[in-house]
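Structure, as structure tokens:
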Amino acid sequence: MLPNVLKDKLDSIMYNIADSLNAGFALLDSDLNIIWANNRLSGILNLEFSPIGKKCSEVYKCECKDTKNCSVLQSLASGKKQAAETQLITEKGDRRYVRNISIPIRDNKDNITHVVKLSIDITEKEEKIHQLSLLRKLAELMQGTLQIDRLLHLILTCVTAGTALGFNRARLFLVDKNRNVVYGKMAVGPSSWEEANKTWSEIGNKYEKLEDLIKASEDNYRDDTPLHMITRLMAYSLTDEKEIIVSCIKNKKPILEKDAFNNPDINKNFVSMLDVNEFVFVPLVVREEVIGVICADNIYSRKPITEEHVQLLSTFANHAALAIESADAYKELAEKVMQLKDTQERLIRSERLAVIGNMAAYVAHEIRNPLVTIGGFARTILRASIQDNQIKKSAGIIVDEVGRLEKILSNIMDFSKPLESVKVISQINEILENTCSLMEPYFKNSRINLIKKFDMKVPNIIIDPTRIKQVFLNLIKNAVESMPDGGRLVIETRVENEQVKINIADTGEGMTTEILQNIFVPFFTTKVDGTGVGLSVSQKIVDDHGGHIKVKSELQGGTTFSIYLPIKNATTSMVVNKCH
Ligand code: ADP
């Protein structure tokens, strides 16, 4: 221990220096025990005990293993003044950055007997550097994220992540120019202070890399939290300039509100939705246009929001807005590509159908006449008084086969004939009901158990009922034919994504992947007496109605055809068009 005289002297010198520098001081003996320290040191290290008499490592929370980061070990080894920066988690769980300067003290014989350790708190500066580098990394990550919902979630995660901007909760509002509103899109944040503490300390301890942290928060993301659901209910007209969020959009400037509960200019309804007295709004601006707003608060920690936080959030919002714009443009592009692909496929299909149709009509026409002649001769032979049974039997076979060929030919000619389409307001359930009663005897003979599940809320739509009925007949006929030993046929209607969906499901033999790939190809058939035109014609009819057909099939497990017909047609006027 230090002699009293020396201690008093040191005390007064050190206190003077310490007060002027706002630094912590400690005097260490050669065994690295702290034999003297000023009060400021306890403040900087957030200590709950006196450092005097304790080991250096115990007080500074470092392990003394790494000489490179320890100014004391370095100064003992070199005999000179040394400096090093360390990061430590204090007893109370705070992260602190400290710059330590160690100066060796020698006795008369030039041996190092003590070390003076000076500690300066650089947490604020380091945190700023850390936050800025984090923002740069976030900006890179955001620019690389093109999937819009993922990106929006990433943005809110960054606003709330302790290591990033560190707000307790964040909400994102988007501007919808078509509807002239701003609406709540997404919210991220815990529901209580305990949850906030737990989540962020868990995440902070577990994930060192920002990417990992973001992945973890994505995995834990839930869109059924009260915060998210309340945010989704929020929508404000852009003409209502009295709303604080609208004025943030109009002025394109952040708003830091410190006392919302007592501010007569803020709509009370809005404040009660936010449920917090202090919050910040930051606009998302791209090329002078506001595309949305981020709203953040510290409801649980009640940490005051400073101008500096607003600045940081604004810098972040600029990057976020650009990223949202890129993702939006990408989404639009992807949709356009899909549309183009769809149109191209439809075009190829109808082109192919037209070519095949013309060819089929030509071939059918050429074959028909000789076929009629062959059939005629065969019937004459059958009717003639010929004794030879063998000849009569053969003539009978020719008559039957010609009949079958004529049926196929008439199917093919139907297929290639241009059809007049007359679209009128119709009720799908009624058409299906009608088709089913038409086929009732057929179901009975084939031992089919028919189950109808019609949704009565299906609206009227504009279609050509005769042609759509043809589609149902084709699909139901195929379903029955796939169940030669009988089975269950379920016909279901419902509304899905602004479309009427009709499911025709059988429990029949199903299809292999190879068959499934070819079923819409004209004249593809696996049946001995099939023509292979039913599905290609059905697809063409549904295409002409702006709809589409989907198929799911499992070998020996049954097949489900789903027909989607758009409802929006119902609002357009009646159309009469010519379809090939
Ligand atoms: P066709 O019935 O004259 O063969 P389609 O174009 O209607 O012509 O059908 C093409 C092929 O699709 C059928 O031959 C059959 O292999 C297959 N297919 C269609 N519907 C079903 C179904 N419900 N179950 C199993 N296979 C089916």
Side-chain angles (χ1 to χ4, degrees), residues 142 147-156 158-160 165 167 169-189 223 226-297 299 305 309-311 313-333 335 498 568 571:
M142 283 192 299
Q147 211 242 324
I148 190 87
D149 278 351
R150 212 177 147 239
L151 172 72
L152 299 182
H153 180 239
L154 170 67
I155 290 170
L156 294 188
C158 297
V159 177
T160 50
L165 291 157
F167 284 95
R169 306 186 302 179
R171 304 170 197 246
L172 191 115
F173 295 86
L174 290 179
V175 170
D176 183 337
K177 275 201 290 188
N178 293 336
R179 290 192 296 146
N180 204 29
V181 293
V182 52
Y183 66 97
K185 171 76 183 164
M186 197 181 265
V188 166
D223 60 7
L227 179 68
H228 181 85
M229 293 201 290
I230 289 175
T231 305
R232 292 299 305 243
L233 292 176
M234 298 170 84
Y236 305 92
S237 162
L238 290 177
T239 51
D240 197 352
E241 295 201 16
K242 275 204 220 102
E243 283 294 355
I244 181 167
I245 189 165
V246 177
S247 78
C248 169
I249 294 169
K250 293 282 176 224
N251 299 324
K252 300 177 188 164
K253 293 230 161 61
I255 295 178
L256 173 55
E257 176 54 55
K258 287 279 185 190
D259 190 10
F261 293 147
N262 296 311
N263 187 342
D265 295 335
I266 304 181
N267 181 347
K268 290 282 158 280
N269 244 347
F270 187 81
V271 180
S272 76
M273 290 290 254
L274 283 190
D275 191 28
V276 70
N277 198 29
E278 183 175 351
F279 56 82
V280 56
F281 276 129
V282 174
L284 294 159
V285 188
V286 186
R287 279 187 290 280
E288 295 296 302
E289 200 182 316
V290 181
I291 58 166
V293 175
I294 292 177
C295 173
D297 63 61
I299 189 170
I305 304 172
H309 290 138
V310 179
Q311 270 273 297
L313 188 59
S314 299
T315 315
F316 174 75
N318 288 340
H319 291 298
L322 277 176
I324 292 176
E325 205 212 13
S326 315
D328 258 348
Y330 178 80
K331 194 174 151 216
E332 218 171 284
L333 197 73
E335 274 168 12
E498 296 184 22
K568 65 177 187 313
T571 55

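Heavy-atom basis, side chains included; hydrogens, waters and symmetry copies ignored.
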On a heavy-atom basis, the closest approach of A296 and I305 is O-CD1, 4.1 Å

Spacing of NZ belonging to K185 relative to NE2 belonging to H228, to within rounding of 0.5 Å: 8.0 Å

Minimal heavy-atom distance between C248 and V282, with the atoms involved, is SG-C, 4.4 Å

Quick one: are E257 and I266 in side-chain contact, heavy atoms under 4.5 Å? yes

Side-chain contact test, heavy atoms from C-beta onward, threshold under 4.5 Å: evaluate it for V286 versus L322 and give yes or no. yes

Check whether N180 reaches the backbone of L238 with its side chain - one donor and one acceptor, N or O, closer than 3.5 Å. no

So V280 and L313, do their side chains get closer than 4.5 Å, heavy atoms only? yes

Taking atom NZ of K268 as the centre, does the number of heavy atoms from other residues, nucleotides or ligands within less than 6.0 Å exceed 12? yes

Run the ring pair (Phe, Tyr, Trp, His ring centres under 6.0 Å) test against F279 and tell me which residues pass, sequence neighbours left out. F281

Within a reach of under 6.0 Å around CD of E332, are more than 12 heavy atoms found that belong to other residues, nucleotides or ligands? no

With side chains defined as the heavy atoms from C-beta onward, is the minimum distance between L174 and Y183 less than 4.5 Å? yes

When the ring centroid of F270 is compared with that of Y236, is the distance short of 6.0 Å? yes

Can you confirm whether M273 sits close enough to R171 that some side-chain heavy atom of one is under 4.5 Å from a side-chain heavy atom of the other? no

Any heavy-atom pair between the side chains of I155 and M186 that's under 4.5 Å? no

Do the side chains of C295 and I245 get nearer than 4.5 Å, heavy atoms only? no

Output for pair (E278 CD, I299 CD1), nearest 0.5 Å, gives 11.5 Å

Which heavy-atom pair separates N269 from S272 by the least distance, and what is that distance? O-OG, 2.9 Å

What distance separates L274 CG from D297 CG, expressed to the nearest 0.5 Å? 7.5 Å

Residue pairs fulfilling salt bridge (charged side-chain N to carboxylate O under 4.0 Å, His left out) with at least one residue in residues 236-250, sequence neighbours excluded: none

About how many Å separate NZ of K177 and CD of E289, when rounded to the nearest 0.5 Å? 3.5 Å

Between atom CZ of R169 and atom CG of D275, what is the distance when rounded to the nearest 0.5 Å? 6.0 Å

Is the shortest heavy-atom distance from the side chain of L284 to the side chain of V175 under 4.5 Å? no

Can a donor-acceptor pair be found, under 3.5 Å and without considering hydrogens, that links the side chain of K252 to the backbone of P283? no

What's the separation between atom CG in D265 and atom CD1 in I244, rounded to the nearest 0.5 Å? 9.0 Å

